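Below, chain A is the first sequence line, B the second, and so on; all start at residue 1. Note that the structure is predicted; figures quoted are calculated from it, not measured.
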2 protein chains.
Amino acid sequence: MLKIPEKTIQRLIIYRKILNDLRYFGETNLFSTKLAKIAGYSPVQVRSDLMVIGYQGSPARGYDIDNLETSIGSFIDAPKGEGIAIVGVGKLGKSMLEYCYWKCPNLSSIELFDVDSKLIGTEVEGIKIHHIDDIEMILSQGNIRVAIITVPPENAQDVAGRLILAGIKGILNYTPVRLKVPEDVFVEEMDMIVPLEKVSFYARQS
Amino acid sequence: MLKIPEKTIQRLIIYRKILNDLRYFGETNLFSTKLAKIAGYSPVQVRSDLMVIGYQGSPARGYDIDNLETSIGSFIDAPKGEGIAIVGVGKLGKSMLEYCYWKCPNLSSIELFDVDSKLIGTEVEGIKIHHIDDIEMILSQGNIRVAIITVPPENAQDVAGRLILAGIKGILNYTPVRLKVPEDVFVEEMDMIVPLEKVSFYARQS
DNA sequence: TTATCAATGTTATTTATTTAACGTTAAGAT
DNA sequence: ATCTTAACGTTAAATAAATAACATTGATAA
Ligand SMILES: NC(=O)c1ccc[n+]([C@@H]2O[C@H](COP(=O)([O-])OP(=O)(O)OC[C@H]3O[C@@H](n4cnc5c(N)ncnc54)[C@H](O)[C@@H]3O)[C@@H](O)[C@H]2O)c1
Ligand SMILES: NC(=O)c1ccc[n+]([C@@H]2O[C@H](COP(=O)([O-])OP(=O)(O)OC[C@H]3O[C@@H](n4cnc5c(N)ncnc54)[C@H](O)[C@@H]3O)[C@@H](O)[C@H]2O)c1
């Protein structure tokens with residue numbers, strides 16, 4: 001299979017979100033120029049990205065919003081929806097859970113894990129918190145491949161190891177720890193310190 | 001001035017963090033190979049990144065950790081420390097504030113803003129929350145160029161506009177809204193939905 | 001019916017970034 | 001003292017990504 005650049009995938013996801021918003025406002029079609037303008041890229045960029053998923057527009061009417069949104073969806077999304085695990089249901093974990101719960105479009109299930117005995121068995125958004133020791137058992141049942149880590153830094157590597165044993169292939173890492181993982185596990189760093197320092201650097205340049 | 005790639009800046013920040021950790025454990029020097037291994041890049045990448053800041057190591061002893069950390073710092077950091085504004089002191093904003101307050105190394109000041117009359121005047125971590133209407137007045141005094149937006153999506157664009165009027169040049173945007181900003185304002189998207197869908201996509205491929 | 005035109009899909013070019021190659025350096029061994 | 005060697009700094013090559021160029025499409029109007 002031919003390798004699709006991460007940046008392209010990222011932009012496709014952004015296009016999809018924009019299309020969804022526009023559809024909500026009753027728009028039915030648009031040209032690459034408009035999509036590019038909203039997304040903040042060039043029209044050529046947009047067109048060549050759409051080439052990747054093989055979507056065909058019309059020179060006269062541009063792209064059909066409904067259609068294109070569906071096409072991107074069937075390219076990006078898991079066919080049966082994605083299940084995720086959130087490990088560490090503290091302040092940040094709870095915030096992320098609530099956000100996912102209300103805002104993520106293609107989420108089929110959420111599992112919660114912690115070690116705090118005061119939390120185990122309680123519910124957030126109607127979802128029960130399990131003990132981290134049960135993670136392999138619980139994840140072996142469903143088809144959950146993605147996890148969010150929001151535990152204290154000192155437990156992050158240990159948790160990552162357990163997640164991988166339980167079959168997790170993608171991680172959103174909110175801790176400042178650089179996790180050691182096998183090659184086939186995809187980690188996305190969510191810590192704010194790197195972006196904050198980067199923004200601070202560029203803000204100073206301008 | 002010659003343009004430095006964003007990726008290089010990002011990696012330099014990561015190197016610095018690693019060096020800091022190693023120094024904490026009493027290490028005094030290291031080779032590009034080791035730094036690369038921990039950071040997850042190639043040794044050549046590391047060496048050519050360090051070339052950008054003009055740091056010289058020794059073929060025999062590699063890099064002096066203390067020295068290199070300082071060199072990266074004086075290249076990346078604002079000389080007098082960076083001040084930031086956090087707009088929207090809700091669940092997420094508070095979480096970010098506490099994290100910055102305890103974890104950010106080069107932060108000289110934090111200003112908080114909200115609209116909720118129940119919050120105005122109260123303190124978090126000893127920092128008073130101001131009304132958003134006072135933002136221009138307050139930011140005009142200090143040298144704050146960076147802001148974090150954690151308000152509801154419907155207010156994000158309005159807040160961004162006010163921040164820019166108040167002289168902000170860099171934004172960490174935690175809302176799912178794609179902000180319209182002038183060319184010289186640097187925006188970093190912090191929303192989790194794009195990364196989550198991306199990770200989900202790649203997790204499925206592997 | 002056919003000419004026009006604006007926007008598309010695709011290939012070619014340019015630019016940016018990463019990786020490889022190689023000469024240089026200095027500590028430690030002979 | 002000089003040889004060896006492993007790691008550095010730098011230049012050159014390769015790869016990846018974005019942009020530009022251009023041929024193609026099909027709706028519209030003469
Ligand atoms: N990315 C960011 O911008 C950002 C912002 C704030 C916090 N953080 C990081 O996120 C993490 C969580 O922060 P928080 O403020 O929510 O902390 P918190 O203390 O409120 O929550 C941590 C939770 O993890 C649980 N936990 C501890 N060890 C565990 C384990 N082995 N398995 C499962 N659960 C475990 C704790 O019981 C607790 O409920 C920290 O690493 C913090 O540094 C990141
Ligand atoms: N990036 C992520 O992963 C992530 C996660 C959770 C939430 N979010 C987003 O972050 C934002 C905040 O989420 P939250 O859960 O903290 O919401 P919240 O309602 O707890 O907090 C929002 C705060 O913003 C204040 N506010 C509203 N309008 C304002 C204005 N014009 N100026 C200043 N302050 C104003 C409110 O008074 C409130 O205190 C939302 O946009 C949400 O979608 C993002």
Side-chain angles (χ1 to χ4, degrees), chain A residues 1-15 18-19 22 27-69 71-72 75 183 186 198 202 205, chain B residues 1-15 18-19 22 27-69 71-72 75 183 186 194 198 201-202 205:
Chain A
M1 178 202 276
L2 127 154
K3 207 211 138 206
I4 297 138
E6 213 174 303
K7 292 249 189 105
T8 302
I9 298 297
Q10 211 160 306
R11 284 190 299 262
L12 285 169
I13 294 167
I14 290 167
Y15 300 153
I18 293 169
L19 294 167
L22 290 172
E27 310 262 323
T28 58
N29 50 257
L30 88 175
F31 297 109
S32 63
T33 312
K34 182 167 180 185
L35 186 47
K37 183 89 175 285
I38 301 173
Y41 309 120
S42 72
V44 223
Q45 185 67 273
V46 169
R47 293 205 299 276
S48 75
D49 284 338
L50 297 188
M51 226 176 77
V52 171
I53 63 168
Y55 185 84
Q56 300 273 98
S58 132
R61 268 167 283 99
Y63 304 102
D64 182 276
I65 289 181
D66 206 22
N67 249 320
L68 180 52
E69 196 188 331
S71 291
I72 297 178
F75 184 82
E183 277 239 327
F186 191 94
K198 190 171 77 177
Y202 283 106
Q205 308 299 93
Chain B
M1 181 200 278
L2 129 153
K3 207 208 138 208
I4 296 138
E6 213 174 303
K7 292 247 189 107
T8 301
I9 298 298
Q10 212 160 306
R11 285 191 298 263
L12 284 169
I13 294 168
I14 290 168
Y15 300 153
I18 292 169
L19 294 168
L22 290 172
E27 310 261 324
T28 58
N29 52 257
L30 89 175
F31 296 110
S32 63
T33 313
K34 181 166 182 184
L35 186 47
K37 184 90 175 288
I38 301 175
Y41 309 118
S42 71
V44 222
Q45 185 68 271
V46 170
R47 292 205 299 276
S48 76
D49 284 339
L50 297 189
M51 225 177 78
V52 171
I53 61 167
Y55 185 83
Q56 300 271 96
S58 132
R61 268 167 282 99
Y63 304 102
D64 181 276
I65 290 182
D66 206 22
N67 249 321
L68 180 52
E69 197 189 332
S71 290
I72 297 177
F75 185 81
E183 278 240 325
F186 191 94
V194 172
K198 189 170 78 178
F201 176 82
Y202 283 106
Q205 308 298 94

Margin query: D:dC8, OP1 or OP2 - any side-chain N/O from B:Ser32 closer than 4.0 Å?
Written below: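 Yes, B:Ser32 has a side-chain N/O under 4.0 Å of OP1/OP2 on D:dC8.
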- [ ] Give the minimum heavy-atom separation between B:Phe31 and B:Arg61, together with the two atoms involved.
- [x]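 Looks like CE2-C, 3.6 Å.
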Query - Nearest heavy atoms of A:Pro43 and A:Ala36, plus distance in Å - result: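 Reported closest heavy-atom pair: N-CB, 3.5 Å.
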How long is the line joining [atom1] of [X] and [atom2] of [N], in whole Å?
{"X": "B:Tyr55", "N": "D:dT10", "atom1": "OH", "atom2": "C1'", "answer": "18 Å"}
{"X": "A:Gln56", "N": "C:dT10", "atom1": "CD", "atom2": "P", "answer": "5 Å"}
{"X": "B:Lys3", "N": "C:dA16", "atom1": "NZ", "atom2": "P", "answer": "7 Å"}
{"X": "A:Met51", "N": "C:dG9", "atom1": "CE", "atom2": "P", "answer": "9 Å"}
{"X": "A:Arg61", "N": "D:dG26", "atom1": "CZ", "atom2": "C1'", "answer": "9 Å"}
{"X": "B:Asp64", "N": "D:dC8", "atom1": "CG", "atom2": "C1'", "answer": "15 Å"}
{"X": "A:Asp49", "N": "D:dT19", "atom1": "CG", "atom2": "P", "answer": "11 Å"}
{"X": "A:Lys34", "N": "C:dA6", "atom1": "NZ", "atom2": "C1'", "answer": "17 Å"}

Distance check, rounded to the nearest 0.5 Å: A:Glu69 atom CD versus A:Tyr55 atom OH?
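It comes to 11.0 Å.
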Check your understanding: Atom CG in B:Leu12, atom CD1 in B:Ile4: separation rounded to 0.5 Å?
Key ->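 Atom-to-atom, B:Leu12:CG and B:Ile4:CD1 are 8.5 Å apart.
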Taking the side chain as C-beta and beyond, is there a heavy-atom pair between [X] and [Y] under 4.5 Å?
{"X": "A:Tyr15", "Y": "A:Ile72", "answer": "yes"}
{"X": "A:Tyr41", "Y": "A:Asp49", "answer": "no"}
{"X": "B:Leu19", "Y": "B:Leu30", "answer": "yes"}

Next on the checklist: Of the options D:dT25, C:dT18, D:dA18, whose atoms approach the side-chain atoms of A:Pro59 most closely?
Outcome noted: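 Of the options given, the side chain of A:Pro59 lies nearest D:dT25.
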Assuming nearest nucleotide by heavy-atom distance, tell me which of A:Ser48 and A:Ala60 is located more 5' along DNA chain D.
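With A:Ser48 and A:Ala60 compared, the 5'-side residue is A:Ser48.
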Exercise for the section: On DNA chain C, check which nucleotide each of A:Ser58 and B:Pro5 is closest to and give me the residue with the more 5' one. Expected result: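 That would be A:Ser58.
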| request: Report which part of the nucleic acid A:Thr33 touches: base, sugar-phosphate, or nothing (heavy-atom distance under 4.0 Å, all strands). | output: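 Result for A:Thr33 = nothing.
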So A:Thr8, base contact, sugar-phosphate only, or nothing? Heavy-atom distance under 4.0 Å.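 If one applies the 4.0 Å heavy-atom cut-off, A:Thr8 turns out to touch nothing in the nucleic acid.
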Listed in order of residue number, which residues of residues 35-47 of chain B have a non-hydrogen atom at under 4.0 Å from DNA chain C?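 Hits under 4.0 Å, by residue number: B:Ser42, B:Val44, B:Gln45.
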